[in-house]
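Proteins come first, then strands; the chains are lettered A, B, ... in the order of their sequence lines, and each starts at number 1.
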Number of protein chains: 2
Amino acid sequence: MSSKLFKQTLFDHLARVGKAVGQGHRLAMLEYLAQGERTVEALAGLTGLSVANTSKHLQQLRQSGLVFARKEGLYVHYRLSDPDVITLLGVIRRLAERHLGEVEALVNSYLLAKDAMEPLPREALLARMREGTVTVLDVRPPEEYAAGHLPRAFNIPLKELERRLHELPPGREVVAYCRGAYCVLSFEAVAWLREKGFIARRLEEGFPEWKLAAFPVENFLMEEIS
Amino acid sequence: MSSKLFKQTLFDHLARVGKAVGQGHRLAMLEYLAQGERTVEALAGLTGLSVANTSKHLQQLRQSGLVFARKEGLYVHYRLSDPDVITLLGVIRRLAERHLGEVEALVNSYLLAKDAMEPLPREALLARMREGTVTVLDVRPPEEYAAGHLPRAFNIPLKELERRLHELPPGREVVAYCRGAYCVLSFEAVAWLREKGFIARRLEEGFPEWKLAAFPVENFLMEEIS
DNA sequence: TTTATATTCAACTATCAAGTTGAATTCAAT
DNA sequence: ATTGAATTCAACTTGATAGTTGAATATAAA
């Protein structure tokens, strides 16, 4: 086999990974899977696609090596094959944010000015957690919280925030996080908390990235094989 | 704009980056561009594609934000827009190596057993360079060497290795590197050096990754704006 | 065994991407 | 101005991909 042919077939194989992340719906699925295992039906619901279509996309993801499937009874559970898939999504996001004007514009217009939420990098939050000078707030649904969350984080889903506001220690800065850099929940939580007089800001990225960076995590259920 | 629509348009934009790396020839071009600026003509020659086709691919890469173009006289010079593009290529490569059986098989069959070359990680090489217990050998063409190389590396392109073997200090371990993890030159250099009785191994990845990691680099020409 | 349910498969349509070819631009040099 | 060379554009062919629909599988429970 010639060097040229080798190179080309090699790159053609690598391109299968690229193709897999070359479609919006598949990226959305990967982002949901970054939270934990999901069945076909669940993903179809989350993405709004037909079950058959969802199934077909998941098989492409499987053939490109990005996800694994596990059958349990009637259900097939899909999960990320490798934590580096989260790295991949992160690099794509950063590149798009930096070089695709539309993305920056879209994010800033929809997310009420991304930077106004004073996003805090992981390392900084960890330091402040160790000092004990900050309240960490997880605004994801309880199932996702149960599958893993930041140490000593409060779990108050966005909808319940008003009702359960008294649970938060008053007078301490709050750092909210949820699923990822673009997860709307934490933006709204911060905006709302500020209205109520809290000092609040966002964690820059979400739980998957925190866990990927091998930062400390608490588990209640063992849904995840960390 | 609804959250669902926001998410979908956002992911559709991110998918443009994915699409860009979802085609073998474009991946090959990015890998060449990781070495430095190239004109359309040069890339067409390197990839074996027609100039028109090459030009079209490059424009896709530009629209996805991965490369910039600079016109100088008759020539248009393309270059990577962001060092993170090298990160992106690396993540794709690692994922494909770990999860696409074909890739592992292909690499191992063509590259005379990848692991037999005892690939040395960057950090280990740097440590040994500081100890002064190793000869670093750059087997790329002189132009690429001139645009940047590891400190105190010898530059002997593969073809001249036999003739210029005497330049290498005898009895010292040699670590060869070239353009990247799959760059054939360094594999052949190591195999050949071993035949001649040298203790030789490969740097795990290539020059672009070394530079990306902010490891020390020497420049003779200032072709690169590091 | 029958029934119900989650998933996958097969066939089909419509849209999009890769590649070719020849013409159109653009810029430098005569 | 005219020529020559590098690049891009436009039109076209061919093949691939996303999505729908209805049937086929596979598993658990009745």
Can you list the residues that meet the salt bridge (charged side-chain N to carboxylate O under 4.0 Å, His left out) rule with B/Arg98, with sequence neighbours excluded?
-> A/Asp82, A/Asp84
In residues 48-61 of chain A, which ones come under 4.0 Å of DNA chain D, going by heavy atoms?
-> A/Ser50, A/Ala52, A/Asn53, A/Lys56, A/His57, A/Gln60
Selection from C/dA6, C/dT8, C/dG19 that lies nearest to any side-chain heavy atom of A/Leu74 | C/dA6
Is it true that the NZ or CZ of [X] lies under 6.0 Å from the centre of [Y]'s six-membered ring and within 45 degrees of the ring axis?
X        : Y        : answer
B/Arg179 : B/Phe207 : no
B/Arg202 : B/Tyr177 : no
B/Arg38  : B/Tyr78  : no

Partner set under ring pair (Phe, Tyr, Trp, His ring centres under 6.0 Å) for B/His149, not counting sequence neighbours = B/Tyr145, B/Phe220
Whole-Å distance separating the [atom1] atom of [X] from the [atom2] atom of [N]:
X       : N      : atom1 : atom2 : value
B/Glu72 : C/dC27 : CD    : C1'   : 13 Å
A/Tyr78 : C/dA6  : OH    : C1'   : 11 Å
A/His25 : C/dT15 : NE2   : C1'   : 14 Å
B/Arg26 : C/dA18 : CZ    : C1'   : 9 Å
A/Met29 : C/dT7  : CE    : P     : 12 Å

So does [X] pair up with [Y], basic N to acidic O under 4.0 Å?
X        : Y        : result
B/Arg70  : B/Glu72  : yes
A/Arg164 : A/Glu167 : yes
A/Arg152 : A/Glu218 : no
B/Glu205 : B/Arg122 : yes

Range on DNA chain D touched by chain A - first to last nucleotide, heavy-atom distance under 4.0 Å = D/dT17 to D/dA28
Between A/Gly22 and B/Tyr75, which has a closest nucleotide on DNA chain D that is more 5'?
->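 With A/Gly22 and B/Tyr75 compared, the 5'-side residue is B/Tyr75.
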Axis deviation across the helix from C/dT1-D/dA30 to C/dT30-D/dA1, five-pair ends, to the nearest 10° |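 Roughly 20° between the end axes, to the nearest 10°.
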Heavy atoms, side chains only, cut-off 4.5 Å: are B/Pro83 and B/Leu212 in contact?
-> yes
Residues 18-31 of chain A side chain polar contacts: donor-acceptor under 3.5 Å, at least two apart:
unit_1, atom_1, unit_2, atom_2, d
A/Lys19, NZ, B/Gly22, O, 2.9
A/Gln23, OE1, A/His25, N, 2.8
A/Gln23, OE1, A/Arg26, N, 3.4
A/Arg26, NE, A/Ala20, O, 2.9
A/Arg26, NH1, A/His57, ND1, 3.1
A/Arg26, NH1, A/Gln60, OE1, 3.1
A/Arg26, NH2, A/Lys19, O, 3.1

